[in-house]
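Within every chain, numbering begins at 1; the chains are lettered A, B, ... in the order of the sequence lines, protein sequences first and strands thereafter. Note that the structure is predicted; figures quoted are calculated from it, not measured.
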Number of protein chains: 2
Amino acid sequence: MAGGWQDIRDEVLRRIQTRRWPPGSQIPNEAELAGEFGVARATVNRALQALAEDGWLERRRRAGTRVAAAPQRRARLAIPLIRQEIEAGGHAAAHRLLGTAPGPAPAAVTAALGLAADAEMIQVRTLWRADERPFAVEDRWVNLSGAPGFDSAPLDRISANEWLVRHAPFSHGTLEYAAETAEPELADLLGCAPGAPVLVLERHTFGPSAPVTFMRLSHAPGHSLKLEI
Amino acid sequence: MAGGWQDIRDEVLRRIQTRRWPPGSQIPNEAELAGEFGVARATVNRALQALAEDGWLERRRRAGTRVAAAPQRRARLAIPLIRQEIEAGGHAAAHRLLGTAPGPAPAAVTAALGLAADAEMIQVRTLWRADERPFAVEDRWVNLSGAPGFDSAPLDRISANEWLVRHAPFSHGTLEYAAETAEPELADLLGCAPGAPVLVLERHTFGPSAPVTFMRLSHAPGHSLKLEI
DNA sequence: AATTATTTGTGCGTATGTATC
DNA sequence: GGATACATACGCACAAATAAT
């Protein structure tokens, strides 16, 4: 007996994946499954809830539980610190502060964060390296009222990324990956040819009471986002 | 009160996000929280389990529950059918079969799928459109022994993508997003300039007993992968 | 349109197992 | 070994949603 409800989850998942319970079909109700597996109904409930949360099952009261018509798996994308991402690849991470600039952010940035155009912000530009090779250029705007104290962070010693994770409250945000081609200035920083394809991550971060930061991370060519599902 | 254990999850999450319980700190044990919230310990347990699964908490027996040092959020990336992705954007989805070709796949494909170089496979190439505008080109190799019956699928009427979701068992796979520049042939199909940046998704899919398919989806410029966290 | 029956959602209290300090 | 805290189970109860009557 290893897993309790997880065993039941796995067995149900097996029946879905092997099409013993094909997409769209209704599966036995909780009480029946509890009888079959010899467990309490609450145990079956816990297993089926987990599968529903992962998109395998659709459950409705009275109507019962059925296998999702197109069981779309949901990958879990862990969003690491840039440093961790580099180190997870087996490289030594280093960051170099390219510059900071207090002052107004571009209108597109303040608008997306829901801020007034004259909100007090700081721009920070950072070059990340993996084993001395350019890894990514980070362009960031930080909203001071959403990240109090950021203006006195020692950005030469701790990256803006890490300072914010450690000190700024965080509640939700958006992520967007897109492909772009490297402008000459970016290409120079990344050590690639102008026009090379770069994977760009844009991220908006909001705290419980105020927007925190907008970040644009332009990865060196060859970088990819890998997921297991 | 609406949510039961979800209310408790939300309140605990609020305390984490507002740094009342800062990263790395230990939170009260289940029994204490149950007392504070006036619920049974099992209810607290359900809430904390959910937060642990989302990466906010780290729980160890006897050691207690603490806030993750760097609470890295895990976004759930739902991988939809291409058709659904297009329609979710408010466009009409259409697919055109560019061609099929039985025969051996490139060595890189068979190797990544764990197949012998001479495995019986079929290549399918599809152009997807959103409101008549090119959306993506899908290059796919299907392993016949992992997807029995695929060779007689009516690919002019149902896309390979949809046929496989509906008929082939699957258990796990990999996803990889990368930026590339459009080759002339691809640019022609996508209606963009050669060298334009395209977001490419590569996907390996495995069934419970055999590899199923490898897919390479090259999106038209401007497409991005959006996530909420 | 109102009622009933079914199914899931969630809770409670309690008990036992198990990893870990 | 003992104590602690999480992991999970059981059985029961009731609420909420909703398909069927």
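- Position along DNA chain D of the nearest nucleotide to A/A40 versus B/I27 favours B/I27 as the more 5'-ward residue.
- For the pair A/R62 and A/R59, nearest-nucleotide mapping onto DNA chain C gives the more 5' position to A/R62.
- At whole-Å resolution of the value, CG in B/L33 and C1' in D/dA5 are 12 Å apart.
- Within 4.0 Å (heavy atoms only), B/R46 reaches no atom of the nucleic acid at all.
- Around atom CZ of B/R19, more than 12 heavy atoms belonging to other residues, nucleotides or ligands sit under 6.0 Å away.
- Using a 4.0 Å cut-off between charged nitrogen and carboxylate oxygen, A/E58 and A/R66 do not count as a salt-bridge pair.
- Atom pair A/Q26:CD and C/dT8:C1' shows a separation of 12 Å (rounding to whole Å applied).
- The pair B/R83-B/E162 meets the salt-bridge criterion, since a charged nitrogen lies less than 4.0 angstrom from a carboxylate oxygen.
- Rounded to whole Å, atom P of C/dT10 lies 16 Å from atom CZ of A/R60.
- Straight-line distance from the CZ atom of A/R41 to the P atom of C/dT7: 11 Å, rounded to whole Å.
- Put simply, A/N45 has no side-chain N or O that comes within less than 4.0 Å of OP1 or OP2 on C/dT8.
- Applying the 4.0 Å criterion to OP1 and OP2 of D/dT8, one finds that B/Q49 has a side-chain N or O inside that range.
- We find that CG of A/L57 is positioned 10 Å from P of C/dG9, with the value rounded to whole Å.
- As a whole-Å value, the separation of B/E30 CD from D/dT8 C1' is 11 Å.
- Annotation for B/Q17: atom CD counts as buried by contact number, over 12 foreign heavy atoms lying within 6.0 Å.
- Atom CZ in A/R61 sits about 18 Å away from atom C1' in D/dA20, given to the nearest Å.
- Between D/dC10 and A/T43, a contact under 4.0 Å exists linking OP1 or OP2 to a side-chain N or O.
- Regarding contacts with the backbone of D/dC6, a side-chain N or O of B/T65 is found under 4.0 angstrom from either OP1 or OP2.
- At the phosphate of C/dG9, neither OP1 nor OP2 sits under 4.0 Å from any side-chain N or O atom of B/Q6.
- Between B/N29 atom CG and D/dA7 atom P the separation is 12 Å, expressed in whole Å.
- Ion pairing between a basic and an acidic side chain is recognised when a charged N comes within 4.0 Å of a carboxylate O; A/E176 and A/R216 show no such pairing.
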